[in-house]
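Both ligands and their constituent atoms are indexed starting at 1 by order of listing.
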Amino acid sequence: MDTTIGIFGGGQLGRMMAQAALPLNIHCTFYEANVTCPSAILGKVFTSHESKDLKPFIESAPVFSLEFENTPLNEVDELVQSGKKIYPPRQALAIAQNRLSEKNLFKALDIPVAPFLAVDNLEDIHIAVEKLGLPIVLKTAMGGYDGKGQFIIRTHDQISQAWEELGAAKSLIAESFVQFSREVSIIAVRGQDGDVKTWPLAENHHHQGILSHSIVPAPKSESLQPVAQEYITRLLNHLDYVGVLTLELFVTSQGLYANEMAPRVHNSGHWSIEGSTCSQFENHIRAVAGLPLGETDCIRPTVMVNIIGQHPKIDDVLRLEGAHLHLYNKSERVGRKLGHITLMPHDSENLTDLCRKLAKILPEPLALQSDMNI
Ligand code: AMP
């Protein structure tokens, strides 16, 4: 195969897609504001910063994909009008960009979700509180990520504050607060021939709204796996999807509730680079290029830990048994994802012990420490 895939965005997801593409002799180009982005070392960056002229980027490849679900739809339209293909399809992107459309789609496909209502004004919040009961989670319909653009209303006197903080967004969604025991995600890929493959569920732990680490397979998930698999397959087939799709779910005493989908490779799937026969990045590239999909098994129990804000000492990380280090070539900044570490010891009995050791090495170990009861 000797082809090029153009990718909207050039962050670490684009970088890892391009890394997975290289052995298949597939090259990537990127459309990104920052010419020194993490992907720059792997392919030409067409900067979206100086000129908004998409043409040079559109001419750089026959087929396109994205690493960012908020890729502007008008840019995707320009690409499609010029006769080029983009996977995932525009429709999936448009739905994922709006929490209301997303939740309506889940409902229409019989995928359980927390009760929700659309909110356009202050009065609507009062109605939502009355109908759904407290607490409710108020979210902007568009543009929020990593917990941004959200307000948990626990008491009636917080209603006006919530509206003051989020009302400018105009379109909001009010959801019942889900009493979940844990958060998991399912990642699947669909090829151009309709073949679907699903990775094992990841159990995800967050710190200050950002993913801290994922455990794969999610412990005690044998009965949840087929259900999650069924939900994501329904979405993939309904959307005539091509590429990798992620579905984030809450585990509750009543079963799984869908929270949101990401029409792209996902942080909770980084473990698959070493942990699966075919990683989410390689399978996404295969799907976009129209190639057969690879196996999505979990070779051995794995924990993926994000490096956030500050780099750890590389030597210390690499001394840990079965540790793989991925750095994204980004400078340090509070809350920024700089890289990740995959722990995959031969003897999975050692996994907890290794996580404890890693927590001592990381500059920001809080979530890992609390999860490991350190
Ligand atoms: P989101 O931006 O929708 O992924 O939400 C960020 C985080 O907020 C999730 O990972 C959950 O921990 C929490 N969250 C979101 N929606 C709800 C909800 N309806 N009930 C309880 N927690 C929620």
| task | Would you kindly say whether Arg336 and Ser331 are connected by a side-chain donor-acceptor distance under 3.5 Å? | result | yes

| field | Audit row: Phe46, Tyr31, ring pair (Phe, Tyr, Trp, His ring centres under 6.0 Å) steps and yes/no | value | CA-CA 5 Å; Phe46 293 84; Tyr31 189 64; 7.8 Å; no

| Near Asn259, which atoms of ligand 1 are under 4.0 Å from a heavy atom of that residue? | 1 (P), 3 (O), 4 (O), 5 (O), 16 (N)

| message | So for atom NZ, which belongs to Lys85, do other residues, nucleotides or ligands contribute more than 12 heavy atoms lying within a distance under 6.0 Å? | response | no

| Counting heavy atoms only, which of Ile136, Val137, Asn204 comes nearest to atom 18 (C) of ligand 1? | Val137

| task | Consider ligand 1: state whether an atom of it lies below 4.0 angstrom from any non-hydrogen atom of Arg99. | result | yes

| field | Contact atoms of ligand 1, heavy-atom distance to Lys139 under 4.0 Å | value | 3 (O), 15 (C), 16 (N)

| field | Glu183: numbered ligand 1 atoms lying under 4.0 Å from its heavy atoms | value | 9 (C), 10 (O), 11 (C), 12 (O)

| task | Give a yes/no on ligand 1: does Gly149 have at least one heavy atom closer than 4.0 angstrom to it? | result | no

| Sequence-distant partners of Glu75, salt bridge (charged side-chain N to carboxylate O under 4.0 Å, His left out), two or more places apart | none

| Polar proximity ligand 1 side, Ser176 side, N/O cut 3.5 Å exclusive | yes

| At a 4.0 Å threshold, what atoms of ligand 1 neighbour a non-hydrogen atom of Phe180? | 12 (O), 21 (C), 22 (N)

| message | Measuring only between side-chain heavy atoms, which start at C-beta, is Gln192 closer than 4.5 Å to Tyr87? | response | yes

| remark: Only residue of Asp297, Ile187, Leu293 satisfying side chain to side chain contact (heavy atoms under 4.5 Å, CB included) with Lys197 is Leu293

